[in-house]
Amino acid sequence: MAKAITPRSEDYSQWYLDIVKRAQLADNSAVRGCMVIKPYGFGIWERMQRQLDDMFKETGHVNAYFPLFIPKSFLSKEAEHVDGFAKECAVVTHHRLMNDPNGGGVVVDPSAKLEEELIVRPTSETIIWNTYRDWINSYRDLPLLVNQWANVVRWELRTRLFLRTAEFLWQEGHTAHATAEEAVEETLRMQDVYAKFAEEYMAMPVVKGFKTANERFAGAVDTYTIEALMQDGKALQAGTSHFLGQNFAKAFDVKFSNKENREEYVWATSWGVSTRLMGGLIMTHSDDEGLIVPPKLAPIQVVIIPIPKPKEALDAKAKELMDALKARGVRVSYDNDDQKRPGFKFAENELKGIPVRLGLGQRDLDKGVIEVARRDTKEKSSVPMEGIVDHIVNLLDEIQDNLFQRALKFREEKTTRVDTFEEFQKVIEGDKPGFISAHWDGTSESELKIKELTKATIRCIPNDAPEEDGVDLISGQPSKRRVLFAKAY
RNA sequence: CGGGGUGUGGCGCAGUCCGGUUAGCGCACCUGUUUUGGGAACAGGGGGCCGCAGGUUCGAAUCCUGCCACCCCGACCA
């Protein structure tokens, strides 16, 4: 009898950790801040990767791979960029080990010091733009639309599985364009791709917006973001897309000849999502019974559990059903391990968030039905075998949609418009924390003051924020539109 | 990186204050039997450098020093 998961109401952080561990998504490792992603967790990530990769290809991008190591000097070529990342870089200083002459095991060989130290990439703009200098000569070489799937390292002091780890997996797109307009268009296009992925595949509603100067990527002119709201009322930055202007082109001297044969600096973008999305997925849908995975990302969408005794008859029926489901593209598995009892399997499958469970026993065979249990609502029903495949295919769509609608409703309930700082504080400290839509005068001072007083930050200025006259909560200065505040992960 | 906490079979814990035979319990695991429609029952069995490294002592899971990891809170960041 395994113990239950810590309820969210009791300890949200512990609940999150319990889900990650009990659903076998990931473990801590022997290396500080680095996680082991386990097969089931990686299976979900693989499905995310596959879908995103398809979407990148559809929008004209190609994959490539750049080195893990970056010469230290590259990082300092773009002033803001180095400011942003210098504090959290792993540095390679030597290239050889030796046996300790004093018998203390293996030690760094002091004679193998690198002339120029190497940084383990925290992101790849510098090495990529250093390469692009060689790839780009003419406007005919543009646009250059490249993505890479990679791991990066940011030496985080406080880590949480998936949400913030010292090493994480991600994709980073790096594009080069002839004009600012084209680059901005690309930045917005990829923000749309991310939003579509989040909403249609992860069933996680997001707000598309752009960042204030304080929250902007180091080296970007503008950072666009998709922001999601987690069940505890904290916001999660789920993906970013940056318009880099000519900052990196100038730093790395990447120029092209335009149609008039005049040299110009190239315009750039970069965009990325990471294994952090796994954290968002967990905290958007899961409940006190365990993980809930939307059908489109579930490695296993349907599990069939036999209620044993006349084993052969059940096996045959299950096999038939599996074949029929597979033929319709459903990912189905048959859990016929007779060492475990059905009740145990029910609980395990709920823990892992498998969207649909089918229970098949002699009683069902006799009546020509099967028990269908959906993970999202925990409803169970007895459904005729006839037409069962259509029923399940439709049910998977329904679950996908229900998860999104449920999360959307939650976000709407937790989004509050306020017009005074007193209201703001009441919401952020009350029982309904979440997004707060409020006026802001556009100054860093007001933004930082709110952060200091409430810990909430401006998550984004929504792309579609309508023009509306108002006044800043802190300064009383005029404001033209509302922005979204929240406490954030 | 600062404050607090925790490290004992795979997992969860007791034992540590006050040092003293073979380090204990629940779950999991192995064997067998009976079971099987919401985490099975009984019987028998295996498994431990007590986080790591030093030190004190006749004797250390227990006391001392250093280190490592994880969790919570804070500052910083995706």
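Letters A, B, ... are given to chains in the order of the sequence lines, protein chains preceding strands, and every chain is numbered from 1.
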What's the gap between [N] and [M] when it is taken at their [atom1] atoms, as a whole Å value?
N      : M      : atom1 : value
C13(B) : U35(B) : C1'   : 30 Å
G39(B) : A23(B) : P     : 38 Å
U62(B) : U57(B) : C1'   : 13 Å
G59(B) : G7(B)  : C1'   : 25 Å
A28(B) : G48(B) : C1'   : 16 Å
C27(B) : G47(B) : C1'   : 15 Å
U8(B)  : A14(B) : P     : 10 Å
C64(B) : U21(B) : C1'   : 26 Å

Which residues pass the side chain to side chain donor-acceptor pair (under 3.5 Å) test with Asp83(A), sequence neighbours left out?
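Result, side chain to side chain donor-acceptor pair (under 3.5 Å) vs Asp83(A): none returned.
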Residues that Asp54(A) engages under side chain to side chain donor-acceptor pair (under 3.5 Å), provided they are two or more places apart:
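Here no residue qualifies.
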Would Arg160(A) pass as a cation-pi partner of Tyr16(A), given that its NZ or CZ must be under 6.0 Å from the six-membered ring centre and within 45 degrees of the axis?
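Yes.
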Self-check item: Phe168(A) six-ring centre to Arg276(A) NZ/CZ under 6.0 Å and within 45° of normal
Solution: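 Here Arg276(A) fails the 6.0 Å and 45° test against Phe168(A).
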Just call it for [X]: base, sugar-phosphate, or nothing, with non-hydrogen atoms closer than 4.0 Å on any strand.
X         : answer
Asp11(A)  : nothing
Lys378(A) : nothing
Thr240(A) : nothing
Glu350(A) : base
Glu88(A)  : sugar-phosphate

- Query: What pairs of residues pass the side-chain hydrogen bond (donor to acceptor under 3.5 Å, both in side chains) test when at least one of them lies in residues 70-81 of chain A, not counting sequence neighbours?
  - Reply: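 Those involving residues 70-81 of chain A are Lys72(A)-Glu117(A), Ser73(A)-Glu116(A).
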message = Return the CH2 to OG distance between Trp129(A) and Ser270(A), rounded to the nearest 0.5 Å.
response =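 So the CH2 of Trp129(A) and the OG of Ser270(A) are separated by 9.5 Å.
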- Query: Among Glu186(A), His174(A), Gln191(A), whose side chain to side chain contact (heavy atoms under 4.5 Å, CB included) with Trp271(A) holds?
  - Reply: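 For Trp271(A), the side chain to side chain contact (heavy atoms under 4.5 Å, CB included) check succeeds only for Glu186(A).
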Base G37(B) to side chain Gln362(A), donor-acceptor N/O within 3.5 Å cut-off
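No pair found.
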Give a yes or no on whether a donor-acceptor pair under 3.5 Å exists between the nucleobase atoms of G38(B), that is its base, and the side chain of Lys380(A).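 A donor-acceptor contact between them is present.
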All N/O pairs under 3.5 Å across the protein-nucleotides 44-47 of chain B interface:
none

**Study point:** Sequence neighbours excluded - salt bridge (Lys or Arg N to Asp or Glu O under 4.0 Å) pairs with any residue from residues 212-237 of chain A
**Key:**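 For residues 212-237 of chain A, and leaving out neighbouring residues, the salt bridge (Lys or Arg N to Asp or Glu O under 4.0 Å) pairs sorted by first residue read Lys211(A)-Glu227(A), Glu215(A)-Arg459(A), Glu227(A)-Arg459(A).
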Any pair counted as salt bridge (Lys or Arg N to Asp or Glu O under 4.0 Å), so long as it reaches residues 149-159 of chain A, sequence neighbours left out: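 Matches after skipping sequence neighbours: Glu156(A)-Arg164(A).
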Would you call Lys317(A) and Glu320(A) a salt bridge, using N to O less than 4.0 angstrom?
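Yes.
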Can you tell me how far [atom2] of [N] sits from [atom1] of [X], to the nearest Å?
X         : N      : atom1 : atom2 : result
Lys87(A)  : C77(B) : NZ    : P     : 6 Å
Tyr12(A)  : C71(B) : OH    : P     : 17 Å
Phe217(A) : A78(B) : CZ    : P     : 9 Å
Lys487(A) : C77(B) : NZ    : P     : 18 Å
Glu227(A) : A78(B) : CD    : P     : 11 Å
Ile370(A) : G37(B) : CD1   : P     : 17 Å

Any strand: nucleotide that pairs with [N] via Watson-Crick or wobble, under 3.5 Å:
N      : result
C17(B) : none
U6(B)  : A69(B)
C77(B) : none
C11(B) : G26(B)
C49(B) : none
A61(B) : none
A41(B) : U33(B)

Inset, instruction - Kindly state which residues belonging to residues 158-168 of chain A come within less than 4.0 angstrom of RNA chain B, counting heavy atoms of the residue only, listed by number. - result: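 Those residues whose heavy atoms fall under 4.0 Å from RNA chain B, taken from residues 158-168 of chain A in numerical order, are Arg158(A), Leu163(A), Arg164(A), Thr165(A), Phe168(A).
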Close N or O pairs between protein and nucleotides 29-36 of chain B (under 3.5 Å):
from, atom 1, to, atom 2, distance (Å)
U36(B), OP2, Lys309(A), NZ, 3.0
U36(B), O4', Arg341(A), NH2, 3.3

Closest listed nucleotide, where the reference is the side chain of [X] and the choices are [options]:
X         : options                : result
Ala347(A) : G37(B), G39(B), C73(B) : G39(B)
Arg276(A) : C70(B), A78(B), C76(B) : A78(B)
Leu157(A) : A75(B), G37(B), G39(B) : A75(B)

- Go through the structure and list residues passing side-chain contact (heavy atoms from CB on, under 4.5 Å) with Glu199(A), not counting sequence neighbours.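 Glu199(A): side-chain contact (heavy atoms from CB on, under 4.5 Å) contacts with Pro205(A), Val206(A), Phe404(A).
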Exercise for review: Go through the structure and list residues passing side-chain contact (heavy atoms from CB on, under 4.5 Å) with Lys21(A), not counting sequence neighbours.
Suggested key: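 Once residues adjacent in sequence are excluded, the partners of Lys21(A) under the side-chain contact (heavy atoms from CB on, under 4.5 Å) criterion are Asp27(A), Asn28(A), Leu161(A).
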- [ ] Specify the residue among Asn214(A) and Lys21(A) whose closest nucleotide of RNA chain B lies further upstream toward the 5′ end.
- [x]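 Looking at RNA chain B, the more 5' nearest nucleotide goes with Lys21(A).
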Under a 3.5 Å threshold, yes or no: a donor from one side chain and an acceptor from the other, between Asn463(A) and Tyr224(A)?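 No pair is found: no donor N or O on one side chain lies under 3.5 Å from an acceptor on the other.
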At less than 4.0 Å, is any side-chain N or O atom of Lys455(A) found next to OP1 or OP2 of G74(B)? Yes or no.
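So the side chain of Lys455(A) is outside the cut-off, no N or O lying under 4.0 Å from OP1 or OP2 of G74(B).
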Hey, what are the protein-to-nucleotides 66-69 of chain B N/O distances that come in under 3.5 Å?
from, atom 1, to, atom 2, distance (Å)
A69(B), OP2, Arg32(A), NH1, 3.0

**Message:** Tell me whether the count of non-hydrogen atoms from other residues, nucleotides or ligands lying under 6.0 Å of CH2 in Trp155(A) goes above 12.
**Reply:**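 Counting neighbours around CH2 of Trp155(A), 12 or fewer heavy atoms of other residues, nucleotides or ligands fall under 6.0 Å, so no.
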Do Leu453(A) and Ile474(A) have side chains that approach each other closer than 4.5 Å (heavy atoms only, starting at C-beta)?
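Counting from C-beta outward, Leu453(A) and Ile474(A) do come under 4.5 Å.
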- Phe217(A) ring center within less than 6.0 Å of Phe85(A) ring center: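 Yes; Phe217(A) has its ring centre under 6.0 Å from that of Phe85(A).
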Got a list of side-chain donor-acceptor pairs under 3.5 Å for residues 31-41 of chain A, not counting sequence neighbours?
from, atom 1, to, atom 2, distance (Å)
Tyr40(A), OH, Lys352(A), O, 2.6

